[in-house]
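Quick notes on the structure that follows.
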Protein chains: 2
Amino acid sequence: MTYADNSVNLRLGFAIGFKAIGILRRFKRVSTLTYSPTVHRLCRINCAQRQSGVMNLRELSKRLNLSQTTVSRALNGYPEVNEATRKRVAEAAQLYNYRPNVRAQTLATGRSMSIGHIIPFSKQSEMVNIVFADFIAGAGEVYSTHGYNMTLTVVRDEDELSAYRGVAEKGAVDGIIVHSPARNDPRIAFLADLDIPFLVHGRASEVTLPYSWMDVNNTRAIETGTQYLLDLGHRRIGLINGQERMDFAQRRRDGYLSALQSAGLAADETIMRSGEMNEPHGYQSTLELLASADPPTAFVTSSIVPALGIRRALEEHGLKMGRDVSVLCYDDEISYLPNGTETPIFTAMRSSVRDAGRRCAEMLMEQIMAPTPLIKTELWDAELVIGMSTGPVG
Amino acid sequence: MTYADNSVNLRLGFAIGFKAIGILRRFKRVSTLTYSPTVHRLCRINCAQRQSGVMNLRELSKRLNLSQTTVSRALNGYPEVNEATRKRVAEAAQLYNYRPNVRAQTLATGRSMSIGHIIPFSKQSEMVNIVFADFIAGAGEVYSTHGYNMTLTVVRDEDELSAYRGVAEKGAVDGIIVHSPARNDPRIAFLADLDIPFLVHGRASEVTLPYSWMDVNNTRAIETGTQYLLDLGHRRIGLINGQERMDFAQRRRDGYLSALQSAGLAADETIMRSGEMNEPHGYQSTLELLASADPPTAFVTSSIVPALGIRRALEEHGLKMGRDVSVLCYDDEISYLPNGTETPIFTAMRSSVRDAGRRCAEMLMEQIMAPTPLIKTELWDAELVIGMSTGPVG
DNA sequence: GAATCACTTCAAAGCGCTTTGGATAGCGGA
DNA sequence: TCCGCTATCCAAAGCGCTTTGAAGTGATTC
């Protein structure tokens with residue numbers, strides 16, 4: 001009995017030792033600790049392989065007395081399966097609660113059924129693009145009708161390229177949507193090089209190689225909007241823009257300048273602001289411009305969010321928006337900040353970012369389905385909607 | 001020559017026929033069309049198997065004259081590899097631009113290195129949760145430090161349970177975050193049943209089984225806020241709440257009621273509103289309440305977004321916020337709608353949703369790493385910040 | 001009556017990794 | 001000299017699917 005007891009203890013001791021090594025092996029880069037595979041090889045702990053009771057294709061086909069081939073085909077709707085058999089398989093799958101393992105599926109098929117979105121966010125501003133949530137909602141809707149889903153990666157600005165590499169090259173996604181392109185965005189050349197379908201939401205003016213994109217005509221939109229203000233008699237129009245390293249912001253600035261020029265007006269840098277598109281940006285900029293010697297009678301701004309800040313600043317100054325000062329903004333139709341229910345609050349250049357998300361997703365799906373590489377571009381026009389925030393110059 | 005030519009044509013004809021069948025076979029559920037596997041078997045088209053030139057582990061190890069085992073271990077930092085060998089492998093990997101295929105990796109390891117987020121969105125309101133983008137940004141940050149990423153699925157309300165099944169049971173994700181729980185949310189029992197780690201952002205009061213969650217003490221938050229208004233002398237306080245089938249909204253209502261009760265005030269249903277948390281909701285509700293016989297002197301609301309609507313309504317009525325009417329809101333610290341830069345615009349109960357996202361992600365990571373199922377809960381308190389939107393009753 | 005064909009089904013070979021269970025060589029101590 | 005030990009490395013067996021190439025029925029055709 002003493003012997004037996006000892007042996008039990010010994011085995012127990014071993015087991016613990018092995019377990020430690022097993023764990024050790026799992027924690028990578030631990031070469032300082034002593035570790036021996038000679039010992040390790042005896043370790044049987046933690047091998048989660050082939051758990052019985054787990055319902056997989058093999059198990060299911062065994063219970064059905066059919067081959068994996070037939071079961072797989074039956075479930076995937078291939079024609080070469082007897083309808084009676086298909087029914088039997090479907091019922092068994094239901095009964096045993098069988099779900100194919102997507103990881104195995106994607107490995108076998110070579111498609112990951114997933115689209116990558118890489119969300120850049122600047123550590124300083126801690127801000128996600130305003131339109132991001134609605135864009136995602138639109139895109140996601142399309143993906144799900146195609147059986148796809150989204151893989152999101154949130155990365156700091158500086159890590160972004162390596163994140164693309166990580167997501168793309170390893171076959172984790174079948175396609176990529178590029179958000180918020182800068183004027184000369186390195187990501188485009190990078191992705192083109194990786195040879196994976198991708199589509200840019202927006203454009204990168206300085207990139208010359210061909211790539212797929214979907215954009216709103218930002219230049220024309222803001223040109224039209226500014227023109228509208230000019231038509232109302234405004235001659236001093238402030239611009240409260242997004243960050244102008246972003247392509248869309250630069251283009252909006254171009255549109256603004258172009259409208260001024262057509263009207264024979266000189267641009268005045270002192271009433272043009274550019275920055276992170278949040279509410280305080282609109283507020284602060286407006287305060288500054290109002291405090292200037294010759295304050296603007298109208299404002300053009302990049303989004304409904306800074307427009308809210310403009311409104312706040314105006315009200316603080318006792319100015320009534322639409323009567324004393326006019327405001328025109330770009331309206332992406334952000335779902336929780338709709339521009340009024342019936343009459344628009346803000347006169348705006350309108351284009352739904354949710355629709356853009358949908359369209360981008362569709363275009364990318366087409367690219368992925370296409371047998372040969374496909375480059376498609378699409379340019380939308382924003383629509384001018386007249387709201388209560390503009391009026392003839394006082 | 002005639003023969004040869006014919007045979008070429010024949011083969012060509014076959015090839016085209018086969019190609020059609022290959023495509024046919026890929027389009028599933030096409031049993032109406034004639035299709036024969038006897039013919040199909042001759043088809044060699046579209047088998048993208050083992051493309052030469054593709055750099056995978058096998059290819060890399062061949063070029064290095066090493067086994068796949070050794071190369072894999074070298075790259076993954078296991079101790080049992082000679083440092084010289086490891087260096088050689090690393091250099092070759094770099095040279096040949098080798099990236100392990102994540103699909104194969106996840107199949108082999110059994111972990112998908114991905115967290116699922118299922119975004120419910122109601123077809124009617126076409127709205128995504130306001131706090132969603134910031135929550136995701138916070139969570140994503142944590143995931144990426146752990147080598148994880150997010151899999152997002154956007155689903156209509158009615159499809160949600162099946163989406164969970166799709167995402168979870170097939171092993172596509174290692175864990176799930178549940179957003180916007182309702183009071184008696186069926187998803188919780190469902191996920192518990194699927195036996196996959198999950199964490200609820202918020203709680204479901206009516207669910208009795210144990211589950212992991214992270215929440216802000218919404219009841220106490222709004223109780224404190226309402227109390228503050230009461231202390232300022234307000235006796236008629238309107239509530240503009242979110243949809244009360246949502247747990248958080250119900251709890252906020254509870255807090256509001258509880259504060260009134262402590263002050264010996266009866267609740268008045270006519271000055272309580274509940275709805276989708278967008279700007280027009282705040283605006284419309286305020287207009288209605290202001291039009292009533294005995295309008296409130298103060299408002300409590302669920303988010304900074306309806307608070308903006310309240311402000312707009314007040315200003316339209318020529319009422320100054322903070323002087324004529326007080327407004328207190330819940331502030332999630334949405335990145336593009338910060339509550340002022342220095343002095344807060346709105347007096348608010350504050351709690352960062354980005355931090356919540358971070359914390360939820362951390363807690364879920366812990367659950368996933370844990371050897372045995374782990375249930376953890378965490379309750380945060382929101383902080384009262386005094387801004388310019390409140391003042392003593394006039 | 002043999003050849004042909006459509007219809008079903010199957011065994012086995014992938015997909016590209018990780019992990020297991022050795023094997024081998026070199027080295028110091030008994 | 002032999003043994004035990006460590007440091008390296010490897011072949012092969014998974015992971016759970018899909019797809020290939022074949023085979024076994026009957027029915028039909030010539």
Side-chain angles (χ1 to χ4, degrees), chain A residues 22 25-26 31 34-51 54-61 64-76 78-86 89 98-112 170-171, chain B residues 22 25-26 31 34-51 54-61 64-76 78-86 89 98-112 170-171:
Chain A
R25 195 165 197 169
R26 242 188 335 222
S31 46
T34 47
Y35 160 78
S36 152
T38 319
V39 172
H40 173 73
R41 99 178 62 125
L42 298 170
C43 168
R44 296 285 158 72
I45 300 178
N46 281 322
C47 51
Q49 318 277 57
R50 182 86 66 204
Q51 308 149 29
V54 133
M55 188 46 65
N56 52 22
L57 190 63
R58 174 204 302 252
E59 196 65 27
L60 184 65
S61 55
L64 280 162
N65 259 325
L66 285 170
S67 72
Q68 294 194 40
T69 312
T70 303
V71 175
S72 170
R73 293 207 163 140
L75 291 173
N76 289 315
Y78 282 89
E80 53 206 349
V81 182
N82 189 323
E83 273 312 313
T85 312
R86 189 193 303 282
V89 170
Y98 167 74
R99 305 270 147 185
N101 180 312
V102 273
R103 284 183 263 115
Q105 247 170 347
T106 60
L107 179 59
T109 58
R111 287 165 309 157
S112 68
K170 294 154 127 189
Chain B
R25 193 164 197 170
R26 236 179 346 209
S31 46
T34 48
Y35 159 80
S36 153
T38 318
V39 172
H40 172 73
R41 98 178 62 124
L42 298 170
C43 168
R44 296 285 157 71
I45 300 177
N46 280 321
C47 51
Q49 319 276 57
R50 182 86 64 204
Q51 309 147 31
V54 134
M55 187 48 64
N56 52 23
L57 190 62
R58 174 202 302 251
E59 196 65 27
L60 183 65
S61 54
L64 280 162
N65 260 324
L66 284 170
S67 73
Q68 294 194 41
T69 311
T70 303
V71 176
S72 170
R73 294 210 162 136
L75 291 173
N76 290 314
Y78 283 87
E80 54 207 350
V81 182
N82 190 323
E83 274 313 313
T85 313
R86 189 194 304 280
V89 170
Y98 167 75
R99 304 271 148 185
N101 180 311
V102 272
R103 283 183 265 116
Q105 246 170 348
T106 60
L107 179 58
T109 57
R111 288 164 310 155
S112 68
K170 294 154 127 188

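The sequence lines fix the lettering, A, B, ..., with proteins before strands; numbering per chain opens at 1.
Side-chain nitrogen and oxygen atoms of A:Tyr78 include none within less than 4.0 Å of the OP1 or OP2 phosphate oxygen of C:dT8. At the phosphate of C:dC17, OP1 or OP2 sits under 4.0 Å from a side-chain N or O atom of B:Tyr98. In this model, the phosphate group of D:dC9 is approached by a side-chain N or O of B:Thr85 to a distance below 4.0 Å at OP1 or OP2. Residue B:Thr70 places none of its side-chain N or O atoms closer than 4.0 Å to OP1 or OP2 of D:dC9. A close approach under 4.0 Å does occur between a side-chain nitrogen or oxygen of A:Ser72 and OP1 or OP2 of D:dT18. Within the 4.0 Å cut-off from OP1 or OP2 of C:dT18, at least one side-chain nitrogen or oxygen of B:Asn76 is found. Taking 4.0 angstrom as the limit, A:Gln105 places a side-chain polar atom (N or O) nearer than this to OP1 or OP2 of D:dT18.
One atom, CG of A:Asn56, and another, P of D:dG16, lie 5 Å apart when rounded to the nearest Å. Spacing between atom CG of A:Leu75 and atom P of D:dT18 amounts to 8 Å, rounded to whole angstrom units. Here D:dT18 presents its P atom at 14 Å from CZ of A:Arg103, a figure rounded to the nearest Å. For the pair A:Asn82 CG and C:dA6 C1', the computed distance is 13 Å after rounding to whole Å. We find that CG of A:Leu57 is positioned 12 Å from P of D:dT19, with the value rounded to whole Å. The separation between A:Asn65 atom CG and C:dC10 atom P is 8 Å, rounded to whole Å. Going from atom CD of B:Gln68 over to atom P of D:dA13 covers 14 Å, rounded to whole Å. Summarising the geometry, the separation between CZ on A:Arg73 and P on C:dA12 is reported as 16 Å, rounded to the nearest angstrom.
In this structure, A:Arg103 CZ and B:Gln105 CD are separated by 12.0 Å, a value rounded to the nearest 0.5 Å. A distance of 6.5 Å separates CG in A:Leu107 from CG in B:Asn101, rounded to the nearest 0.5 Å. The distance from atom OG1 of B:Thr70 to atom CD of B:Gln68, rounded to the nearest 0.5 Å, is 10.0 Å.
Residues B:Tyr98 and B:Val71 are not in side-chain contact: their nearest non-hydrogen atoms beyond the backbone lie 4.5 Å or more apart.
One N or O on the side chain of A:Asn82 and one on the backbone of A:Ala84 form a donor-acceptor pair closer than 3.5 Å.
Below the 3.5 angstrom threshold, one finds a donor paired with an acceptor across the side chain of B:Thr69 and the base of C:dT19.
Residue B:Val71 is the one, among B:Ala104 and B:Val71, whose nearest nucleotide of DNA chain D lies closer to the 5' end (criterion: closest heavy atom).
Of the candidates C:dT9, D:dC9, D:dC17, the closest approach to any side-chain atom of B:Glu80 belongs to D:dC9.
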